[in-house]
Peer 1: 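Pasting a structure below so you can have a look.
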Protein chains: 2
Amino acid sequence: MRYRPGHKAEVHQKIVKDASCRVRAEGLNGAGVAAVMRDAGLTHGGFYKHFGNKDALLLESLREAFRDISGKLARAAEQSHTEPPWKAIVKAYLSLEYCDHADRGCPLTTLAPELVRVDKRMRGQIFAELVNYKDRMIPFMPGQQTADKERAFFSIFSTMIGAIEIARMLPEPAMREKVLAIARDFLLHSF
Amino acid sequence: MRYRPGHKAEVHQKIVKDASCRVRAEGLNGAGVAAVMRDAGLTHGGFYKHFGNKDALLLESLREAFRDISGKLARAAEQSHTEPPWKAIVKAYLSLEYCDHADRGCPLTTLAPELVRVDKRMRGQIFAELVNYKDRMIPFMPGQQTADKERAFFSIFSTMIGAIEIARMLPEPAMREKVLAIARDFLLHSF
DNA sequence: TCCGTAGGATGACCATCATCATCCTACGGA
DNA sequence: TCCGTAGGATGATGATGGTCATCCTACGGA
């Protein structure tokens, strides 16, 4: 073989990671085949040696995005010893950092409305990722019983997603930070 | 002239209304020139007799969408005599009706992430629409001073937008209604 | 009656994009 | 040394979509 073993897997992972950023930064069809391959230093033609079709890449890059953000949030929650884990998650999620760098943040804040419109086959897979995300966050949520935690999850994440989306529409950092702060205060005093 | 006076204005309005539904239902590039003109019973060629370019239509259809939803919400608020107006708004916004018919609902729930990515020129115009929307809703918000009402606006609308987006990703009506109910209860007991 | 014109239709152009057939190349095994 | 092949490159194809030049048509005014 021309390349050492494992090389293809590495390239594959690089493509997926790049695509997961692109898709979060520019939307579902910001991750065109040519653009994604260029990011990886390749040309568009080799794409189909790695993926059956574009949807396959889309699904993998979404999975990567969910894995990425849920990992980051879980880490923030676990490293917080002075306050409840859910508060650490709220503070991390509603930071200017994630607001201004969509490509590192939660895919729901950039893609939720678009994900509703993909074809049914893939919507099932995406739904599974969402359930996964929720299950990964539930242990950190406030409340005693699982039902309480689940209610908290939906309330908290709804607010955070909406707040980030509104903030991103505002032209000045100070305005964005203000909206984020309002949502943070609202949530932190609500449970 | 071939048509009675006012005919062109009527057709123009019809195109804009159709586009405002299409854009909410299928995203910014679901409102292609050909599709929008077909909706109006015309062919794609006549488009440029009505609009300078596609962005002009986009802007007009967004304006129409904001006008549409803020009118509906204001009406709901004003017709509510047994409860505070903001509660009527929350119940209307978080109804299965608007959840399942994106084309009649708030453009932010379908378009917010996409609007962040349009070119800078138009982003300014869109920001103005957002401010307009807020100013139209502020009088109905809970709180004494304007600052309180503004904080309430951002908290309430963040939660509502996020809740609708999450609900729309769920495959079954019962699941969607559950998420909407959670967000409703959360908001209605928060102010 | 007939001409000018507004509103719309036809058709073409160009760009972008997903997809894929085909070609190229350099390494490992024989 | 040399051949088979995996990984990637080139380039073509068809679809879609925005844009616009040009054509068509029927009404109002003279």
Side-chain angles (χ1 to χ4, degrees), chain A residues 1-23 25-62 111 114-115 117-119 121-122 125, chain B residues 1-62 111 114-115 117-119 121-122:
Chain A
M1 279 188 256
R2 187 177 175 185
Y3 302 90
R4 69 186 178 291
H7 177 258
K8 183 175 186 181
E10 282 170 30
V11 171
H12 186 99
Q13 266 320 103
K14 177 160 176 46
I15 295 173
V16 169
K17 279 200 140 195
D18 289 345
S20 114
C21 288
R22 254 206 138 76
V23 104
E26 307 185 25
L28 282 192
N29 41 21
V33 171
V36 159
M37 293 302 277
R38 212 180 313 115
D39 284 348
L42 302 177
T43 54
H44 66 279
F47 180 82
Y48 292 88
K49 292 284 165 63
H50 285 283
F51 303 94
N53 56 34
K54 218 201 129 199
D55 281 355
L57 167 65
L58 222 56
L59 194 57
E60 277 198 55
S61 62
L62 282 174
L111 297 173
E114 290 185 81
L115 295 179
R117 299 189 294 260
V118 301
D119 73 280
R121 162 81 109 321
M122 199 180 310
Q125 317 266 45
Chain B
M1 273 187 262
R2 186 178 177 186
Y3 303 90
R4 70 188 178 291
H7 178 257
K8 184 175 184 179
E10 284 170 29
V11 171
H12 186 98
Q13 266 319 104
K14 176 159 176 48
I15 295 173
V16 170
K17 279 201 141 196
D18 289 345
S20 113
C21 288
R22 254 207 137 73
V23 103
R24 282 180 274 184
E26 309 185 25
L28 282 192
N29 41 22
V33 170
V36 159
M37 294 302 276
R38 212 180 314 117
D39 284 349
L42 303 176
T43 55
H44 68 278
F47 180 83
Y48 292 87
K49 293 283 164 63
H50 286 282
F51 303 93
N53 56 35
K54 217 201 128 199
D55 281 356
L57 167 65
L58 220 57
L59 195 56
E60 279 199 54
S61 62
L62 282 174
L111 297 172
E114 290 185 82
L115 295 179
R117 299 189 295 259
V118 302
D119 71 280
R121 163 81 109 320
M122 195 180 311

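Below, each value reflects all heavy atoms present in this structure, side chains not excepted, and no hydrogens, waters or symmetry copies.
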Peer 1: Test for a donor-acceptor pair under 3.5 Å between the base of D/dG11 and the side chain of A/His44, counting only N and O atoms.
Peer 2: yes

Peer 1: Is the backbone of A/Ala56 close enough, under 3.5 Å, to the side chain of A/Asn53 for a donor and an acceptor to pair up by distance?
Peer 2: yes

Peer 1: As a test of reading the structure: which of C/dT19, C/dG7, D/dA9 is closest to the side chain of B/Lys49, going by heavy atoms?
Peer 2: C/dG7

Peer 1: Do A/Thr43 and A/Met37 have side chains that get closer than 4.5 Å, going by heavy atoms?
Peer 2: no

Peer 1: Output the single nucleotide from D/dG8, C/dA9, D/dG11 whose closest atom is nearest the side chain of A/Val11.
Peer 2: D/dG8

Peer 1: For the pair made of OH in B/Tyr48 and C1' in D/dT19, what is the distance, rounded to whole Å?
Peer 2: 5 Å

Peer 1: Would you mind telling me which of C/dT10, D/dT10, D/dG18 lies closest to the side-chain atoms of B/Thr43?
Peer 2: C/dT10

Peer 1: Can you tell me the base-pairing partner of D/dT19? Count Watson-Crick or G-U wobble geometry only, both distances below 3.5 Å, and say none if there is no partner.
Peer 2: C/dA12

Peer 1: Could you work out which one of D/dG18, C/dA18, D/dG8 sits closest to the side chain of A/Lys54?
Peer 2: C/dA18

Peer 1: Just name whichever nucleotide pairs with C/dA21, Watson-Crick or G-U, keeping both distances under 3.5 Å, else none.
Peer 2: D/dT10

Peer 1: Sort out the partner of C/dG28 for me: Watson-Crick or G-U wobble, both distances under 3.5 Å, none otherwise.
Peer 2: D/dC3

Peer 1: Any non-hydrogen side-chain atom of B/Val16 less than 4.5 Å from a side-chain atom of B/Phe51?
Peer 2: yes

Peer 1: Taking CZ from B/Phe47 and C1' from C/dA6, how many angstroms apart are they, rounded to a whole number?
Peer 2: 18 Å

Peer 1: Looking only at non-hydrogen atoms, find the nearest pair between A/Val36 and A/Ile15 and report the distance.
Peer 2: CG1-CG2, 3.4 Å

Peer 1: In whole Å, I'd like the distance from the CZ atom of B/Phe51 to the P atom of C/dG8.
Peer 2: 11 Å

